[in-house]
Chemist: 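Quick one: the structure is below, and I'll ask about it shortly.
Throughout, protein chains are lettered first and strands after them, A, B, ... in sequence-line order, and every chain is numbered starting at 1. Not measured: the values here are computed from a predicted model.
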2 protein chains.
Amino acid sequence: MVQFVHPSIEDITLTGVLSALADPMRLRIVVSMTEKNDCMSCSEAAPCSSMAKSTLSHHFRILREAGIIRTVKVGVENRNVLRSEDINNRFPGLLNEILKYAN
Amino acid sequence: MVQFVHPSIEDITLTGVLSALADPMRLRIVVSMTEKNDCMSCSEAAPCSSMAKSTLSHHFRILREAGIIRTVKVGVENRNVLRSEDINNRFPGLLNEILKYAN
DNA sequence: TCAATAGTTCAATTATATTGAACTATTGAA
DNA sequence: TTCAATAGTTCAATATAATTGAACTATTGA
């Protein structure tokens with residue numbers, strides 16, 4: 001049984017968030033999640049079909065451990081949501097400012 | 001004679017800026033440059049004295065190639081300035097938003 | 001029961017970061 | 001003019017992180 005580790009709000013760091021968003025693929029994942037504004041499976045939010053699923057899994061882990069997404073396994077798939085509220089509490093305005101220029 | 005390469009404004013990328021600022025040491029360099037609000041030599045802006053100068057040189061190169069600082073060699077030292085105006089033209093508000101939460 | 005689905009984990013390879021050592025260029029003093 | 005000191009760069013070696021294929025786990029639905 002896979003259990004995911006998520007940082008609490010106070011453990012979200014600036015450089016952690018920046019590192020996570022400093023990758024074009026992860027930025028695209030986050031952008032597609034803001035557009036959907038709902039849970040997305042990993043494959044649904046995949047930035048491109050050519051990426052190996054182990055790489056995709058790695059990127060989701062980075063986003064998760066930076067505190068940017070929350071992942072829950074439901075049935076056979078993972079349901080990922082943006083932790084917009086948490087990030088906005090921790091760093092008000094930051095995420096929107098970055099996403100303003102993403103894509 | 002060392003000649004430094006700087007990207008033009010339109011070649012500054014979001015992920016480039018985020019990658020450059022996603023490192024705690026580079027973030028401290030940038031913060032100390034905003035506090036000084038003037039040219040700083042590499043060693044003057046060094047985030048800690050224990051860092052090898054080759055590592056420091058590497059960090060300044062990353063910042064330079066991301067378009068965050070401009071470097072000119074004057075005499076024996078490098079004079080580094082933040083390209084605040086350029087970054088603000090390219091991504092209005094982004095740099096201030098990030099620096100708001102730095103350190 | 002068993003194949004399909006959705007993802008994780010592992011091990012190997014590739015790429016990036018860190019550092020000491022050797023180098024370059026400039027200055028200032030003897 | 002020589003030469004040591006200063007301020008950095010570059011190089012080669014090592015250490016750390018990213019990418020991927022292959023094997024694995026867990027869940028569902030036929």
Chemist: Rounded to the Å, how far apart are B/His58 NE2 and C/dT16 P?
Modeler: 11 Å
Chemist: Tell me, do A/Ile87 and A/Leu94 make a side-chain contact under 4.5 Å, heavy atoms counted?
Modeler: no
Chemist: Check ring pair (Phe, Tyr, Trp, His ring centres under 6.0 Å) between B/Phe60 and all other residues, then give those that pass, not counting sequence neighbours.
Modeler: none
Chemist: Taking the side chain as everything from C-beta on, heavy atoms only, tell me whether A/Asn80 gets closer than 4.5 Å to A/Cys39.
Modeler: no
Chemist: Taking the side chain as every heavy atom from C-beta outward, state whether B/Val81 and B/Ile69 have any pair of such atoms under 4.5 Å apart.
Modeler: no
Chemist: Show which side-chain atoms of residues 43-56 of chain B pair as donor or acceptor with protein atoms under 3.5 Å away, not counting sequence neighbours.
Modeler:
unit_1: B/Glu44; atom_1: OE1; unit_2: B/Ser41; atom_2: N; d: 3.3
unit_1: B/Glu44; atom_1: OE2; unit_2: B/Lys36; atom_2: NZ; d: 3.1

Chemist: Any chance you could encode DNA chain C as dot-bracket? Rule is Watson-Crick or G-U wobble with both distances under 3.5 Å; [ ] for pairs crossing earlier ones, | for another strand.
Modeler: ||||||||||||||||||||||||||||||
Chemist: Using a 4.0 Å cut-off on heavy atoms, which residues in residues 16-28 of chain A reach DNA chain C? List them by number, or say none.
Modeler: none
Chemist: Any chance you could measure B/Arg70, atom CZ, to B/Phe4, atom CZ, to the nearest 0.5 Å?
Modeler: 12.5 Å
Chemist: Indicate whether OP1 or OP2 belonging to C/dT5 is found under 4.0 Å from a side-chain N or O atom of A/Ser43.
Modeler: no
Chemist: Both B/Thr71 and A/Gly75 contact DNA chain D. Which one's nearest nucleotide lies toward the 5' end?
Modeler: B/Thr71
Chemist: Using a 4.0 Å cut-off on heavy atoms, which residues in residues 49-56 of chain B reach DNA chain C? List them by number, or say none.
Modeler: B/Ala52, B/Ser54, B/Thr55
Chemist: Hey, can you pull the donor-acceptor pairs under 3.5 Å for the side chains in residues 7-14 of chain B, sequence neighbours left out?
Modeler:
unit_1: B/Ser8; atom_1: OG; unit_2: B/Asp11; atom_2: OD2; d: 3.2
unit_1: B/Thr13; atom_1: OG1; unit_2: B/Gly16; atom_2: N; d: 2.9

Chemist: Distance-only, no hydrogens or angles: does the B/His6 side chain make a donor-acceptor pair with backbone N or O of B/Thr71 under 3.5 Å?
Modeler: yes
Chemist: Is the phosphate of C/dT9, meaning OP1 or OP2, less than 4.0 Å from a side-chain N or O of A/Arg61?
Modeler: yes
Chemist: Nearest-Å distance, CD (B/Glu77) to P (C/dT26)?
Modeler: 14 Å
Chemist: Examine distances only and state if a side-chain atom of B/Thr15 and a backbone atom of A/Pro24 form a donor-acceptor pair shorter than 3.5 Å.
Modeler: no
